[in-house]
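Scroll down for the structure; my scribbles are underneath it.
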Amino acid sequence: MAERLGFFEQQDLARRNSRRLMVWFALALLVVVAGIDIAIVGALFGMHSYAQELEIHAHFPWGVYGDLTVVLSLTSLATVLVIGLASAWKWLTLTAGGAPVAESLGGRILQAGALQDAQERRLLNVVEEMALASGLAVPPIYVLDHEPGINAFAAGLRPADAVIGVTRGSLDRLNRDQLQGVIGHEFSHILNGDMRLNLRIMGLLHGLLFLGLAGRLLLRMAPHGRDSSNDRDSQRSGAPLVVIGLALWIMGYLGLFLGRLIQAALSREREFLADASAVQFTRNPVGLADALKIIGGSEQHSVLSTPQAEETAHLFFSDALKRWLVPSPFATHPPLAVRIQRLDPHWDGASPPLADAETSRPASAVVEPAVSMLTDPSPPAAKQPSVLDDSPPRSGHDALERSLQQLGHPGSEPYAYAREFLQRVTPEISGLVHEPLSAACVVLHLLRQDGPTSPAITGSLPAEFAAEFVTVAGKLDRFCSRFPVDLIKLAMPALRRLSPAQYQVFRTTVIALIDADRRLSFREWMIRRLTVHNLDQAFHPVSPNQSGKSGTADDLACAIVLSAVAWSGTTGEQASIAANHAFAVAQRTLGESTRRMAGIELIPRDEIRAGTLDDALNGLARRPVRDRVALIRAVGVCIAADGHLGAKEFNLARVIADALDCPLPPHPIPQSDRNSEC
């Protein structure tokens with residue numbers, strides 16, 4: 001099943017679904033345009049008859065408006081333009097990522113320092129563990145407090161701006177295994193390319209809905225008279241407006257009807273794949289199946305009360321609308337029974353009794369192991385091997401290859417890595433990375449070159465930042481400095497909660513620190529890419545297509561990335577020889593996979609800047625997933641050309657993979673391969 005539903009296949013299917021979506025919506029649009037054209041022609045002929053009756057110009061429609069072909073062309077263009085502008089406006093509102101969607105549904109952002117109960121802590125633990133194991137930055141979590149139904153959703157345009165939303169009913173009625181299955185389902189949507197498709201559907205449907213609303217407005221504006229002759233004349237003169245309004249209303253809602261059918265068909269197909277991926281995520285089909293069974297046996301089921309449920313139903317884990325006809329052609333999800341039987345072929349049709357999450361497991365299990373990982377500062381028992389400190393059998397290069405094989409479905413090693421990392425994050429450090437100002441100072445601490453109270457940092461910060469930086473520097477231990485990528489990914493939700501003024505200060509300080517010595521190390525670039533580049537999208541969102549535009553050709557963009565990697569870590573007289581050798585090896589590897597890079601040479605070190613590298617990666621992020629993974633593999637070959645691939649180099653590959661929207665699951669690197677802190 002892993003091969004049949006692997007990362008490549010699911011990403012490719014999402015891309016094909018996106019193309020199918022555009023084709024089907026184009027056909028629906030043709031139907032709408034044709035219907036409105038017919039109505040416009042009818043209205044013009046009606047005006048023509050009325051004009052003749054009043055002895056006005058006998059050729060009124062055509063004498064004024066010209067040839068019928070011109071009229072129909074203008075009508076069609078106007079219809080498409082109205083739908084397109086409405087869809088574009090809706091799409092523009094969605095470019096900020098998943099946060100606006102969650103807020104429109106009444107979601108409350110979950111803050112680690114203000115958790116209301118044990119269920120929220122358990123949710124935070126599950127999401128953090130799953131995000132780190134899959135290689136993603138921890139997404140912001142929203143709780144829909146006023147929704148007693150059992151449901152959840154993922155929304156965003158790309159992994160960097162994704163959010164997870166969970167209803168209060170899910171927190172209160174699911175135990176940890178069941179909740180983990182639901183969250184795994186939503187993470188599969190993030191990794192498999194479904195979120196962008198889902199938001200695109202929302203934009204297209206809004207355009208068709210807007211047309212129907214415009215028709216309703218015209219109908220209200222049309223004259224409604226009594227029986228006087230003036231009123232009759234008014235009604236007859238306004239008849240074309242009624243016809244046009246009625247046509248817009250009928251055809252707009254007909255288009256919306258067709259769009260809903262298309263949306264439902266595509267959504268049901270993706271839900272089956274997400275269920276299969278969730279099993280790969282959690283390695284526990286029972287938890288997901290039990291969650292679905294509980295939904296079936298719950299009085300509230302998965303239905304939402306918010307008015308936005310109809311527009312966003314396809315985003316959710318289970319059907320958010322109450323259906324009078326089951327199965328319904330408009331259902332955005334397959335029937336619960338079908339989904340359960342795929343996960344549990346021996347299911348007898350019975351639903352488990354619904355119970356509070358606290359009582360659905362033994363009392364001793366209410367405090368989950370993942371909670372103790374964050375709160376228990378004691379080190380692991382001596383008899384238990386440490387995933388992070390004890391050398392696993394594979395080399396750093398093998399770990400990278402294994403990580404590439406687990407794209408989209410992390411195995412046991414990444415989960416063990418994530419669990420132990422969270423366990424080793426002491427309560428003090430956990431408090432720092434979950435608060436906005438402290439999290440920003442954690443990033444500044446990772447960039448420091450001098451002591452923990454470096455004047456280069458504290459002297460350039462406002463008082464609130466400077467004081468917090470000293471506190472953070474005193475608490476952040478050497479262990480977390482060895483894992484900057486994981487620490488920053490854990491801190492991302494808090495960093496997103498910085499105020500615009502605080503973020504501007506943070507951004508300016510990060511760039512100033514990096515530019516202080518007039519050279520850019522890869523450690524500095526990695527931290528900058530993980531923080532400033534991604535947070536810029538959150539604070540100043542633009543369309544991913546816009547942010548990914550680059551005038552750089554793909555071959556040259558690949559050369560920029562591989563050249564930058566080839567030059568990393570090279571010094572002295574042999575630097576040029578070593579860089580040329582690493583580049584040549586990577587060039588051959590990439591050429592074998594994609595038939596690219598022919599005739600491209602190593603780019604000189606002084607021609608590569610951080611902005612140049614970012615632009616190249618932004619452009620390459622639009623390439624098919626197989627090409628992106630081939631580039632990541634070539635990056636690994638380039639890094640290991642000197643016979644060494646340690647934690648520092650593996651982190652570099654992970655950050656480049658993040659930039660290409662192919663997050664790599666983390667893997668422990670043997671102690672002998674760790675040549676320095678990274």
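Values below: every heavy atom of this structure, side chains too, minus hydrogens, waters and symmetry copies.
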Rounding to 0.5 Å, atoms OG1 (Thr509) and CD (Gln504) come to a distance of 9.5 Å
Q. Quick one: are Ile429 and Leu487 in side-chain contact, heavy atoms under 4.5 Å?
A. yes
Gln502 side chain vs Ser499 backbone, donor-acceptor pair below 3.5 Å | yes
### Message
Under a 4.0 Å threshold between the charged nitrogen and the carboxylate oxygen, would Arg168 count as salt-bridged to Asp117?
### Response
yes
In short, Ser302 meets Ile150 closest at the heavy-atom pair CB-O, 3.1 Å
For side chain to side chain contact (heavy atoms under 4.5 Å, CB included), just list the numbers for Asp344 and Lys293, CA-CA rounded to whole Å, side-chain angles, deciding distance to a tenth of an Å, and then say yes or no. CA-CA 10 Å; Asp344 181 5; Lys293 293 173 188 176; 3.0 Å; yes
Is there side-chain contact between Asp177 and Val286, with heavy atoms separated by less than 4.5 Å? no
Given side chain to side chain contact (heavy atoms under 4.5 Å, CB included), test His533 with Arg528 step by step and report yes or no.
CA-CA 7 Å; His533 180 83; Arg528 175 182 175 274; 5.7 Å; no
Taking every heavy atom of Ala131 against every heavy atom of Ala137, the minimum-distance pair comes out as CB-O, 4.1 Å
Validation row: Ile109, Ile141 side chains within 4.5 angstrom (heavy atoms): no
Check: Are side-chain N/O atoms of Glu271 and His189 paired as donor and acceptor at under 3.5 Å?
Finding: yes
Side chain to side chain donor-acceptor pair (under 3.5 Å) with Arg108: of Glu103, Glu120, His146, only one passes, and it is Glu120
Quiz item: cation-pi between Arg339 and Phe272, 6.0 Å / 45° = no
The reported gap from CG in Leu315 to CD in Glu186 (rounded to nearest 0.5 angstrom) is 9.0 Å
- Message: Would you say that Glu649 contacts Leu400 through its side chain, given a criterion of any heavy-atom pair below 4.5 Å between the two side chains?
- Response: no
With a 3.5 Å distance limit and no angle check, can you tell me whether Arg523 reaches the backbone of Pro484 through a side-chain donor-acceptor pair?
no
Do any N or O atoms from the side chain of Asn151 and from the backbone of Phe316 form a donor-acceptor pair under 3.5 angstrom?
no
Distance alone, cut at 3.5 Å: any donor-acceptor contact between the side chains of Asp275 and His185? yes
*Heavy-atom check, side chain of Ile190 versus side chain of Ile164, under 4.5 Å*: yes
Can you confirm whether Ser134 sits close enough to Phe187 that some side-chain heavy atom of one is under 4.5 Å from a side-chain heavy atom of the other? yes
task: Answer whether the closest heavy-atom distance between the side chains of Leu292 and Phe317 falls below 4.5 Å.
output: yes
To the nearest 0.5 Å, atom CE of Met492 lies from atom CG of Asn534 at 5.5 Å
With a 4.0 Å cut-off, would you call Arg654 and Asp486 a salt bridge? yes
Check your understanding: Any side-chain heavy atom of Phe506 within less than 4.5 Å of one from Leu444?
Key -> yes
The reported gap from SG in Cys441 to CG in Leu446 (rounded to nearest 0.5 angstrom) is 11.0 Å
**OP:** Kindly indicate, with the supporting measurements, whether the criterion side chain to side chain contact (heavy atoms under 4.5 Å, CB included) is fulfilled by Asp536 and Arg507.
**Re:** CA-CA 9 Å; Asp536 277 349; Arg507 188 183 191 281; 2.9 Å; yes
Salt bridge Lys489-Asp658, side-chain N to carboxylate O under 4.0 Å: yes
Could you tell me whether Asp661 and Arg628 make a salt bridge, using a distance below 4.0 angstrom between a side-chain N and a carboxylate O?
no
Smallest heavy-atom separation, Ala133 atom then Ala418 atom, equals N-CB, 3.8 Å
Notebook entry, point to check: So, does Thr471 use its side chain to make a donor-acceptor pair with the main chain of Ala467 at under 3.5 Å?
Noted result: yes
Nearest heavy-atom approach of Ala659 to Ala621 is O-CB, 3.7 Å
Are the side chain of Asn651 and the backbone of Lys648 linked by a donor-acceptor contact shorter than 3.5 Å?
no
So, Glu468 side chain and Phe465 main chain: donor-acceptor pair closer than 3.5 Å or not?
-> no
Correct closest heavy-atom pair for Pro436 and Leu498 would be O-CD2, 3.5 Å
* Ignoring hydrogens and angles, tell me if any N or O in the side chain of Thr531 forms a donor-acceptor pair with the backbone of Ile527 under 3.5 Å. => yes
Quiz item: Is Arg424 paired with Glu420 through a side-chain N to carboxylate O contact shorter than 4.0 Å?
Solution: yes
(request) Start with the C-alpha distance between Tyr142 and Leu110, add both sets of side-chain angles, then the distance that settles side chain to side chain contact (heavy atoms under 4.5 Å, CB included), and finish with yes or no. (result) CA-CA 6 Å; Tyr142 286 82; Leu110 196 66; over 6 Å; no
Closest heavy-atom pair, Gly181 versus Ala278, reported as atoms and distance to 0.1 Å, is O-CB, 3.8 Å
Legend entry - Heavy-atom donor-acceptor pair, Thr167 side chain to Gly149 backbone, under 3.5 Å: yes
Any carboxylate oxygen within less than 4.0 angstrom of a Lys/Arg side-chain nitrogen, looking at Glu129 and Arg176? yes
Open item on the list: Quick check against the 3.5 Å criterion: does Ser170 have a side-chain atom that pairs as donor or acceptor with the backbone of Val166?
Closed with: no
